[in-house]
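Inspection log for the structure reproduced underneath, given as structure tokens.
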Protein chains: 2
Amino acid sequence: MNKSQGAMSYDELRGAIAQRHRALSGRLQQIAEFVLDHPTDVALGTVAEVAQRSGVPPSAIVRFAHALGFGGFTEMQQVFRTRLVAGVAPSYKARLARMKSEEKSVLGRQPAAVLSRFVSEAQSSLVTLSQSVHARELDAATAILSKARDIYLLGLGGSFPVATHLAYVLRKLGRRVVLLDGTGGSIHEQSHAATVEDALVAISFRNYYPDTARLFPELVARGVPTISITDSLLSPIVEGAHVVFEIQDMPEPALRTLVAPMCLVQAMAIGLDLAAD
Amino acid sequence: MNKSQGAMSYDELRGAIAQRHRALSGRLQQIAEFVLDHPTDVALGTVAEVAQRSGVPPSAIVRFAHALGFGGFTEMQQVFRTRLVAGVAPSYKARLARMKSEEKSVLGRQPAAVLSRFVSEAQSSLVTLSQSVHARELDAATAILSKARDIYLLGLGGSFPVATHLAYVLRKLGRRVVLLDGTGGSIHEQSHAATVEDALVAISFRNYYPDTARLFPELVARGVPTISITDSLLSPIVEGAHVVFEIQDMPEPALRTLVAPMCLVQAMAIGLDLAAD
DNA sequence: GTGCGATTAGAATATTCATTCCATTTGTTA
DNA sequence: TAACAAATGGAATGAATATTCTAATCGCAC
């Protein structure tokens, strides 16, 4: 055991759990993970409830509390409850003061200000996304993907993260994916097997990556059904595409967060999976 | 009595109490006032405790709950607890909205509904991000990066899009970046040149990619200054990290949108660039 | 003042709960 | 493989808790 746990803050407890995690035994580690992930459940639940949700016997929960130096579950629970109380308890005065100081620090400290700017920018880009994407286009896109044998993904440069994310999700869902990334040779070779039986998802934003602009028309000419995600109807991947998602107001390359296209491809993939049943 | 009180919000309950206050009897009015003034006590206390603090016998508390249409004190207490939960979970509202839309399962399967679900989930994850990331950590992270000669990026599996995005932005800003992707050989070889003069940004979420968990400790042991972005203090890339960004409530791999980490790395990179001037 | 219904307080009760204990299993060392 | 220590699961236990019941009190009309 260890020193008295009389007045411990929630954050201190988190630190203590993380520190001790390795030294704990299997069951206790499992509980540690659950407890850090579901602090609200611990704060409000009974031993039996927490035990059931974390998949361990009740006695293990009590042993876990003991291992952390508490007299029992109830004692440990008190710490988790302070977290809930702290969320609402600060009187209006204190909350106002906190916000004001946060505002000040945001103005003063550069990195935090940058983060809040990107967050609010991302927020508005999400709003724009849900307004500008229509059900008809999404339905058409999932129809194309559901008929495809292999799904080819073309997204280079700044759009590459979107392509890799879509590749990851589609593969998790059991789809056959070819990610055109140009490693070990030319992209042309990687895409050579694409036919009318397959499908292509192309992603490109200003300034449109040259290889993307070059390869896209070739695949379209070969009759590959195509879905484009881009920021302008004048982009090089619009002409010939069967479905076009236009995401407006993408900032310049270094400043764009990719939040909107990431969300879109995710919805496409999951929507495809759900529609398949 | 009155209608069923199945799912009542805290605000609705407050309204109901205020409305009925005049019709209640002396003792019950006294309890009503206490309860509105000390909602936290009611949420976390026992009948005996609430009774003592409000200066009434325990049975009066139960009668009060009955008078409001609840089956008993415990039932009424649930409503007061939702208030505490709402205080710490910014995603609470969004989650409720999502559940509501999920109820209509047929509609929930349509691609458009899927998109709006992901959008609202992304929104709440952004709120959580801006609340959980503190200026201190961001400052520490940019300090590490600004001193680094080369910046090594480690993010595999589902986190790879985040790593590639960070790589892209950092390179646009003129930083020297090594993206550890394992192409053409082992990741160990790619990371072999990392020294104490460099820096490492590691990104990993459940289930933690094995190669990441294996490589991370090696780089830490070699003294490379390290920034970790993960979803739990128990993840394998926390121990030894100089700065840890914990992004909670990441859904299961196929459903996570990566919106929060994408925003975070973007802010880190741009913040670094701005601070350098 | 008297009688009557509503209200109340406190004891009794039945339930739920945290905790402890012990038999069994698991992992480890010789 | 055998023996030992650590850890685990589940039942038993005793405390704490919400709820109910009943006798007493209060307020009020007549």
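Below, read A as the first sequence line, B as the second, and so on, with proteins coming before strands; counting in each chain starts at 1. Keep in mind that this is a model prediction, so the values were computed, not measured.
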Handout entry: Check: B/Glu218/B/His188 side-chain N/O donor and acceptor closer than 3.5 Å
Key = yes
Does the [X] side chain pair with the main chain of [Y], one donor and one acceptor, at a distance under 3.5 Å?
X        : Y        : result
B/Gln190 : B/Asp181 : yes
A/Glu12  : A/Met8   : no
B/Thr230 : B/Ser204 : yes
B/Gln77  : B/Val42  : yes
B/Asp198 : B/Asp150 : yes

Practice task
Locate the shortest heavy-atom distance separating B/Val196 from B/Gly223; write the atom from each residue and the value.
Solution key: CG2-O, 3.3 Å
Exercise for the section: Using atom CD1 of A/Ile61 as one end and atom C1' of C/dC17 as the other, report the distance to the nearest whole Å. Expected result: 14 Å
Exercise for the section: Let me know the distance between CG of A/Leu44 and P of C/dC17, rounded to the nearest Å. Expected result: 14 Å
Handout entry: Range on DNA chain D touched by chain A - first to last nucleotide, heavy-atom distance under 4.0 Å
Key = D/dA7 to D/dG10
Handout entry: Carboxylate-amine/guanidinium proximity below 4.0 Å for B/Arg214 and B/Asp211
Key = yes
Tabulated below should be each protein N or O lying under 3.5 Å from an N or O of nucleotides 19-27 of chain C; please produce it.
residue, atom, partner, partner atom, Å
C/dT19, OP1, A/Phe73, N, 3.4
C/dT19, OP2, A/Phe73, N, 2.6

